[in-house]
Amino acid sequence: MHDLRCADPDEMHYTELRDKVTYYKRTEKGVAEMSAVFEEIVEQERARSFTEGEIKGRKEGRNEGLEIGLKEGEADGIRKVARNLITSGMPIPEIAKN
């Protein structure tokens, strides 16, 4: 457990672990390899986050569009009924009550 908590490889007890950590932290090639790994992880997470955000955005947009469409449809239906009632001779104040 001690070695896993060490920030400085020189404080580690296990030779194999100390050597690997030293390689990845202190050599130019090791640092480059770890940087490449982390860059790949970051890119994968960005892609995943974008995809999840895109899906969420589309779903929210679809729900909002549906809600707007239902309200517009309801208002359109009310206008049509009112026109039909006016055409049939019903007085406007009577139509407005309902």
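Contacts of Ile92 classified as side chain to side chain contact (heavy atoms under 4.5 Å, CB included), with partners at least two apart in sequence or in another chain: Ile86. Under the rule for a side chain to side chain donor-acceptor pair (under 3.5 Å), Glu28 has no partner lying at least two apart in sequence or in another chain. By the salt bridge (charged side-chain N to carboxylate O under 4.0 Å, His left out) test, Glu54 is found to be paired with Arg58, residues two or more places apart in sequence or in another chain being considered. In this structure Glu74 satisfies the salt bridge (charged side-chain N to carboxylate O under 4.0 Å, His left out) test with no other residue, sequence neighbours excluded. Shown here are the side chain to side chain contact (heavy atoms under 4.5 Å, CB included) partners of Ile55, two or more places apart in sequence or in another chain: Thr51. With sequence neighbours excluded, the residues forming a side chain to side chain donor-acceptor pair (under 3.5 Å) with Asp8 are Arg26, listed by chain and number. For the side chain to side chain contact (heavy atoms under 4.5 Å, CB included) test, no residue two or more places apart in sequence or in another chain qualifies with Thr87. A search for side chain to side chain donor-acceptor pair (under 3.5 Å) contacts involving Glu60 returns nothing, not counting sequence neighbours. A search for side chain to side chain donor-acceptor pair (under 3.5 Å) contacts involving Glu33 returns Tyr23, not counting sequence neighbours. Lys29 meets the salt bridge (charged side-chain N to carboxylate O under 4.0 Å, His left out) test with no other residue; sequence neighbours excluded. Every side chain to side chain contact (heavy atoms under 4.5 Å, CB included) that Glu43 has, sequence neighbours left out, goes to Arg46.
In the hydrophobic clustering, where aliphatic and aromatic side chains (Ile, Leu, Val, Met, Phe, Trp, Tyr) are joined below 4.5 Å either directly or transitively, Val21 groups with Met1, Leu4, Met12, Tyr14, Leu17.
Looking at heavy atoms from C-beta onward, Lys59 lies out of side-chain contact with Lys56 at the 4.5 angstrom threshold.
By the neighbour-count criterion of 12 heavy atoms within 6.0 Å, atom CZ of Arg5 is sparsely surrounded, having that number or fewer from other residues, nucleotides or ligands.
Taking CG from Asn84 and CD1 from Ile95, the interatomic distance works out to 9.5 Å, rounded to the nearest 0.5 Å. Atom CG of Asn63 sits about 11.0 Å away from atom CD1 of Ile68, to the nearest 0.5 Å.
A donor-acceptor pair is defined here as one N or O able to donate and one able to accept, closer than 3.5 Å; no such pair exists between the side chain of Lys25 and the backbone of Lys20.
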